[in-house]
2 protein chains.
Amino acid sequence: MPELRADARRNRDELLDVARQVIREEGVDASLRDIARRAGVGIGTLYRHFPTREALLGAIIGDGVRRLSARAADLSATRAPGEALEEWLTDVARRIGTYRGLPGTMLELVWDLEAGDKDLRVTCGDMMDAGRRLLARAQADHAVRPDVTFDDVFIAVAAISGIAHKSGPDPAARVLAVYLDGLRSAGATRS
Amino acid sequence: MPELRADARRNRDELLDVARQVIREEGVDASLRDIARRAGVGIGTLYRHFPTREALLGAIIGDGVRRLSARAADLSATRAPGEALEEWLTDVARRIGTYRGLPGTMLELVWDLEAGDKDLRVTCGDMMDAGRRLLARAQADHAVRPDVTFDDVFIAVAAISGIAHKSGPDPAARVLAVYLDGLRSAGATRS
DNA sequence: AGAATATGCGGAGCGGTGCTCCGTATGCAT
DNA sequence: ATGCATACGGAGCACCGCTCCGCATATTCT
């Protein structure tokens with residue numbers, strides 16, 4: 001990293017600030033031109049700092065994602081396995097649900113391992129590994145049915161968290177609660 | 001309905017045919033210009049037949065939605081309450097998941113009762129009423145926890161069905177199965 | 001201090017989008 | 001065959017994502 005010039009640093013920060021707000025309100029498909037405009041910079045400047053939409057998104061959520069990795073370790077050390085997983089998933093849902101449209105992006109990220117931004121995937125990789133350990137621990141403790149994979153669980157939480165911006169946070173929380181109950185159930189008990 | 005002119009009728013049908021295919025592949029945000037082009041028709045013609053995107057969407061899925069209403073009545077008459085509901089929800093998920101992006105549209109439809117196309121809402125209204133009855137019956141039979149509303153359940157199924165186009169149909173089905181297990185569980189058993 | 005250089009900036013420009021509007025063509029009834 | 005209602009097509013407007021390059025300015029060197 002060859003040290004940013006002072007004005008560049010300022011612009012980058014302002015851009016990130018504005019983008020966070022705009023994307024929260026308008027969604028991941030928000031107009032980049034508009035973000036640049038509101039930040040008081042040219043469109044070219046935005047694209048130089050963040051060459052792709054995913055790069056911008058990655059810069060925006062990077063912090064939160066890292067926080068989630070840390071949170072997983074913390075919960076793992078201080079809570080019962082099942083409780084730790086549930087608490088963490090609830091956190092994940094809350095964080096992903098913050099930015100409109102982000103759930104869809106996360107869904108694609110999990111499945112289509114080739115597409116999307118490298119950095120974003122690497123950052124998220126750490127978090128997903130942390131979650132994977134949490135699930136394994138919960139399953140070993142028989143707190144969670146054994147017939148689910150972490151990818152499935154993560155996908156589910158991402159999809160459910162998308163409800164928040166379309167139907168409000170309360171419905172999203174209620175749906176997640178039901179899903180978590182399903183996770184706790186024995187599973188494969190279909191007659 | 002003042003009887004369409006012959007060419008108008010042809011164009012409408014062709015438009016609907018093409019739109020169905022394109023929207024299945026590209027999603028509800030597909031280019032309308034492109035649809036018109038592929039149907040061999042001017043963009044103006046498309047907009048005259050379907051003044052809004054929702055109008056087109058409504059015309060596309062209207063049939064399937066009505067089929068779901070009928071299916072609900074059928075299941076209610078031939079299956080046990082719990083079974084009927086689950087079968088129906090699975091059907092709903094399969095149908096909604098057919099068109100990429102439709103789950104999101106349905107989510108908005110349920111919550112934001114003011115927005116969206118009138119016709120679409122009316123058509124869906126019948127289907128939702130049918131589903132509501134199915135849920136009530138299942139709850140009366142203690143096959144489904146009493147602390148969920150139909151809106152919550154429908155929202156959940158819509159959100160989960162969105163997984164299909166992002167991560168494949170199998171993950172979507174597995175997630176739905178877990179949610180349905182949660183629906184069957186007693187509920188409100190959180191320590 | 002001033003000059004030289006490297007770095008970052010802005011926005012014109014391209015091809016696309018949604019959507020409107022209206023002159024023109026055509027099916028249909030007479 | 002004529003006349004009219006109906007339907008058609010696409011130009012036009014404002015916006016979008018994204019690229020490219022001449023110009024301004026922060027920084028470094030003398």
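Protein chains get the first letters and strands the later ones, always in sequence-line order, with residue 1 at the start of each. What you see is a predicted model, and the numbers here were worked out from it, not measured in a lab.
For a distance-only test at 3.5 Å, the side chain of A:R53 fails to qualify as a donor-acceptor partner of the base of D:dG17. For B:R33 and C:dG16, a side-chain-to-base donor-acceptor distance below 3.5 Å is absent, hydrogens and geometry of angles not being considered.
Counting to the nearest Å, the C1' atom of D:dC21 and the OH atom of A:Y47 are 17 Å from each other.
For B:A8, the side-chain atoms get nearest to D:dC8 when compared with the rest of C:dG8, D:dC18, D:dC8. When distances are taken from the side chain of B:I43 to each of C:dG10, D:dG10, C:dG11, the shortest belongs to D:dG10. Out of C:dG18, C:dC9, D:dC8, the shortest distance to the side chain of A:H49 is found at C:dC9.
Between A:L15 and A:H49 the shortest side-chain heavy-atom distance falls below 4.5 Å. The shortest distance between side-chain heavy atoms of B:E87 and B:R79 falls below 4.5 Å.
With hydrogens and angles ignored, the 3.5 Å screen pairs a side-chain donor or acceptor of A:R145 with a backbone N or O of A:G182.
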Short N/O separations, protein against nucleotides 27-30 of chain C, under 3.5 angstrom:
residue	atom	partner	partner atom	Å
C:dC28	OP1	B:A6	N	3.4

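Contact annotation for B:L32: backbone-only contact, meaning every heavy-atom pair under 4.0 Å involves sugar-phosphate atoms and none involves a base.
Note on A:S31: a side-chain N or O is less than 4.0 Å away from OP1 or OP2 of D:dG17.
Residues B:A30 and B:E26 share a closest heavy-atom pair of CB-CB, 3.9 Å.
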